[in-house]
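These values consider heavy atoms only, across backbone and side chains, with no hydrogens, waters or symmetry-generated copies.
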Amino acid sequence: MTLISTFIHVAFHKGLPRSRATPTPYPTKSPLFLLTLLSFFLPPSPPPQNGSFENAMTAIAAAVALSLPISLCDSYKVSKKFQGVKGGFGVFAVLGEANSLGPSDKKSLWGTLFDVEDPRSKAPQCKGRFLDVYQALELARYDIQYCDWRARQDLRTIVLLHEKVVEVLNPLAREYKSIGTMKKELAELQGELAQAHKQVHISEARVSAALDKLAYMEELVNGKLLEDRTKMESSIAAPSSSTSTQSMDTMKRPRKSLDVSGPVQPYHPRLKNFWYPVAFSTDLKDETMIPIDCFEEPWVLFRGKDGNPGCIQNTCAHRACPLHLGSVNEGRIQCPYHGWEYTTDGKCEKMPSTRLLNVKIKSLPCLEQEGMIWIWPGDDPPTTTLPSLQPPSGFVIHAEIVMELPVEHGLLLDNLLDLAHAPFTHTSTFAKGWTVPSLVKFLTPASGLQGYWDPYPIDMEFQPPCMVLSTIGISKPGKLEGQSTKECTTHLHQLHVCLPSSRNKTRLLYRMSLDFAPLLKHIPFMHYLWRHFAEQVLNEDLRLVIGQQERMINGANVWNWPVAYDKLGVRYRLWRDAVERGSKPLPFSKPI
């Protein structure tokens with residue numbers, strides 16, 4: 001007979017409401033979750049009264065409500081033996097076999113949770129020293145490691161007490177134990193459980209305090225970057241004697257803000273000296289044209305005789321007619337007004353009804369790589385390599401969508417690089433049902449534009465000059481918290497390209513890939529469903545970002561006070577400011 005490992009919960013007729021006795025399906029690998037679970041299922045219980053075996057059993061039932069596994073066979077016998085006891089046992093089955101409940105397997109079951117090295121031997125040696133902000137951050141991280149280790153030890157105590165409870169309630173043991181002996185043992189266990197319950201609450205409070213400290217220290221480190229920038233800018237211009245005192249005071253107490261306010265200024269020419277993806281290859285077929293705006297200039301894409309893409313000014317040299325209203329003939333784009341024809345390098349090769357003149361319009365370097373069309377809009381010579389935007393190995397592209405959005409591309413990037421807003425903004429789409437975490441962090445190297453979100457299983461990277469790549473681990477719909485991306489078995493990969501069309505318009509290229517369900521790609525009209533969902537998500541963001549843009553134009557600062565989870569957005573703004581100042585090398589950049 002196969003036994004099933006079980007979880008037990010208790011619903012009391014008095015005291016604990018039945019709704020609180022129902023276990024919640026959260027991931028159980030997180031020690032912080034285990035602390036929450038323990039404090040949730042361990043309500044204070046009154047001491048057993050003399051001669052009341054019923055009260056003693058109720059107290060032990062509350063302890064067993066820790067939801068630790070016992071066998072189905074044992075729980076069945078217990079409920080039959082004590083069916084007169086008020087308060088019922090409900091059994092929830094989880095995967096497991098009978099032989100998985102042996103002593104050696106029990107040890108392996110909990111070994112990964114409890115076998116954690118004592119971190120006290122690695123404590124930072126900083127007693128009696130003044131610490132800079134980075135050393136203090138490391139100390140705060142050590143506090144988290146210690147509290148985690150301490151919480152595991154408290155939980156180990158609970159597990160051992162649980163095993164004693166199972167031993168006392170063992171039907172075989174009751175054959176030779178008197179009721180008085182059992183009452184005494186159960187009373188002792190109740191006292192020990194009450195003490196363990198108290199210690200768990202202490203550990204939970206310590207973890208909460210350590211997390212608050214870590215968040216505060218990360219905010220200080222985030223502010224340190226802004227402080228360094230403020231000092232550098234203050235040192236560029238030599239202050240006059242009348243303003244030197246005020247300048248020094250500003251350097252001592254810099255505001256933790258970025259100045260992103262007022263009407264959007266014309267784009268700096270240095271921001272153009274990058275390769276920009278502007279279209280998907282599948283959209284640029286032979287004899288078709290794609291008109292685009294880039295940095296407030298009109299361009300048109302088409303394929304030449306050799307099939308390679310070209311990008312020329314979308315304005316005819318003759319009478320300034322938009323060329324994309326015309327057609328493509330033998331690899332040349334023909335103006336619809338008088339039929340002048342241009343090649344992919346901008347040279348006019350045909351002028352019907354008149355003598356051919358030496359006319360050429362502006363063109364841009366244009367390349368095709370990995371299913372995307374790229375242009376170089378800057379005046380500097382283009383680099384010889386392009387960044388790779390392909391999804392990771394094992395992913396299949398399911399959707400490629402292009403949208404024109406009425407917001408400045410920097411504001412849209414700010415939004416895409418922020419996940420903390422999801423449970424508040426996207427309540428009707430992908431974040432429906434998400435809980436609001438007590439702390440959201442973006443963990444990243446000291447010098448980098450990539451990292452991962454905690455507690456969400458999402459890896460994210462900003463790829464200069466305007467791309468955001470993210471990989472999302474999918475565990476259950478609406479239940480993303482509690483697992484890292486690598487621990488999830490299925491994933492969604494996203495690419496967002498925010499091309500700066502003008503100071504109040506962005507051309508968005510969106511690519512979505514999955515590492516599961518490859519047959520979805522072959523379902524007719526599936527791309528319409530993907531586009532509908534993408535538009536729903538974007539509309540939830542746009543109503544906020546457009547409001548930001550209106551207030552920014554009127555003088556409001558949209559980056560007035562960054563906090564810890566704004567780290568990636570802040571780094572993007574610092575990178576962009578460095579580009580416009582001509583800094584070499586650029587901060588956070590890595591070789592292509």
Side-chain angles (χ1 to χ4, degrees), residues 266-284 289-315 317 323-324 331-333 342-348 360-390 400 402 409-410 413 449-450 461-469 495-503 505-509 511 572 575-592:
Y267 288 108
H268 198 285
R270 293 193 184 100
L271 201 58
K272 300 179 181 180
N273 291 318
F274 294 90
W275 283 106
Y276 283 84
V278 292
F280 293 112
S281 296
T282 52
D283 294 335
L284 189 63
M289 296 164 288
I290 299 179
I292 64 169
D293 289 333
C294 183
F295 290 107
E296 303 188 282
E297 292 186 81
W299 305 93
V300 60
L301 307 171
F302 66 103
R303 294 189 182 274
K305 288 183 178 180
D306 56 3
N308 293 325
C311 179
I312 64 174
Q313 183 180 336
N314 193 13
T315 305
L323 293 176
H324 77 276
R332 296 189 299 268
I333 190 169
Y342 301 88
T343 60
T344 54
D345 63 356
K347 182 175 177 58
C348 183
K360 189 174 183 179
I361 58 177
K362 187 177 180 181
S363 64
L364 296 178
C366 186
L367 293 176
E368 186 171 19
Q369 175 179 287
E370 298 177 344
M372 304 196 78
I373 311 297
W374 300 69
I375 64 172
W376 181 279
D379 295 329
D380 288 358
T383 59
T384 56
T385 56
L386 278 71
S388 175
L389 301 181
Q390 281 285 83
E400 292 181 334
V402 181
H409 92 290
L413 282 170
L449 292 167
Q450 71 287 334
E461 176 182 3
F462 170 68
Q463 177 74 264
C466 64
M467 291 83 80
V468 178
L469 298 96
L495 164 68
H496 292 85
V497 177
C498 300
L499 180 69
S501 299
S502 68
R503 281 178 281 180
K505 190 173 72 172
T506 298
R507 178 178 173 87
L508 175 67
L509 277 63
R511 173 188 280 170
Y572 156 66
W575 172 87
R576 180 170 168 178
D577 288 350
V579 169
E580 295 177 352
R581 293 196 308 270
S583 301
K584 297 291 183 179
L586 292 174
F588 315 117
S589 296
K590 62 180 180 180
I592 296 176

- Test log, rule ring pair (Phe, Tyr, Trp, His ring centres under 6.0 Å), inputs Trp575 and Phe274: CA-CA 14 Å; Trp575 172 87; Phe274 294 90; 5.6 Å; yes
- Straight-line distance of Leu499 CG to Phe295 CZ, nearest 0.5 Å: 7.0 Å
- Message: Using 0.5 Å steps for rounding, measure from the CD1 atom of Ile292 to the CD atom of Glu297.
- Response: 10.5 Å
- Item | Nearest-0.5 Å distance, OG of residue Ser501 to CG of residue Leu508 | 10.0 Å
- Message: What's the separation between atom CG in Leu495 and atom CD in Glu461, rounded to the nearest 0.5 Å?
- Response: 11.0 Å
- Item | Pairing residues for Tyr342 by the ring-ring contact (aromatic ring centres under 6.0 Å, His included) criterion, not counting sequence neighbours | none
- Closest heavy-atom contact between Ala578 and Pro587? CB-CD, 3.3 Å
- Task: Tell me, with the steps shown, if Val579 and His268 meet side-chain contact (heavy atoms from CB on, under 4.5 Å).
- Result: CA-CA 9 Å; Val579 169; His268 198 285; over 6 Å; no
- Work out which heavy atom in Arg576 is nearest to a heavy atom in Gly410; give both atom names and the distance. NH1-CA, 3.5 Å
- Query: What's the verdict on side-chain contact (heavy atoms from CB on, under 4.5 Å) for Arg332 and Lys347, showing C-alpha distance, side-chain angles and the deciding distance?
  - Reply: CA-CA 10 Å; Arg332 296 189 299 268; Lys347 182 175 177 58; over 6 Å; no
- Item | Exam field: side chain Trp275 to backbone Pro387, donor-acceptor pair closer than 3.5 Å | no
- Return the minimal non-hydrogen interatomic distance between Cys466 and Tyr276, and the atom names on each side. SG-CD2, 3.6 Å
- Item | side-chain contact (heavy atoms from CB on, under 4.5 Å) involving Thr282 - partner list, sequence neighbours excluded | Phe280, Glu400
- side-chain contact (heavy atoms from CB on, under 4.5 Å) between Arg507 and Val402, worked out: CA-CA 7 Å; Arg507 178 178 173 87; Val402 181; 3.7 Å; yes
- Message: Using every non-hydrogen atom in the two residues, find where Cys366 and Cys311 come nearest and quote the distance to one decimal.
- Response: CB-N, 4.1 Å
Validation: residues 370-381 side-chain donor-acceptor distances under 3.5 Å, sequence neighbours left out:
unit_1	atom_1	unit_2	atom_2	d
Glu370	OE1	Ser388	OG	3.1
Glu370	OE1	Leu389	N	3.3
Glu370	OE2	Ser388	OG	3.1
Trp376	NE1	Asp380	O	2.8
Asp380	OD2	Asn273	ND2	3.2

- Closest heavy-atom contact between Leu509 and Ala279? CD2-N, 3.5 Å
- Task: Drop me the distance from Gln313's CD to Lys360's NZ, to the nearest 0.5 angstrom.
- Result: 12.5 Å
- Item | His324 vs Phe302, side-chain contact (heavy atoms from CB on, under 4.5 Å): CA-CA, chis, key distance, verdict | CA-CA 9 Å; His324 77 276; Phe302 66 103; over 6 Å; no
- Message: With a 3.5 Å distance limit and no angle check, can you tell me whether Thr506 reaches the backbone of Cys498 through a side-chain donor-acceptor pair?
- Response: no
- Note: Ile312 and Thr344 closest approach over all heavy atoms is CG2-O, 3.4 Å
- Message: Assess the residue pair Tyr267 and His409 against the criterion (ring pair (Phe, Tyr, Trp, His ring centres under 6.0 Å)); give the C-alpha distance rounded to whole Å, side-chain angles, the decisive distance to 0.1 Å, and a yes or no.
- Response: CA-CA 11 Å; Tyr267 288 108; His409 92 290; 5.6 Å; yes
- At what distance, to the nearest 0.5 angstrom, does CG of Asn314 lie from CD1 of Ile333? 6.5 Å
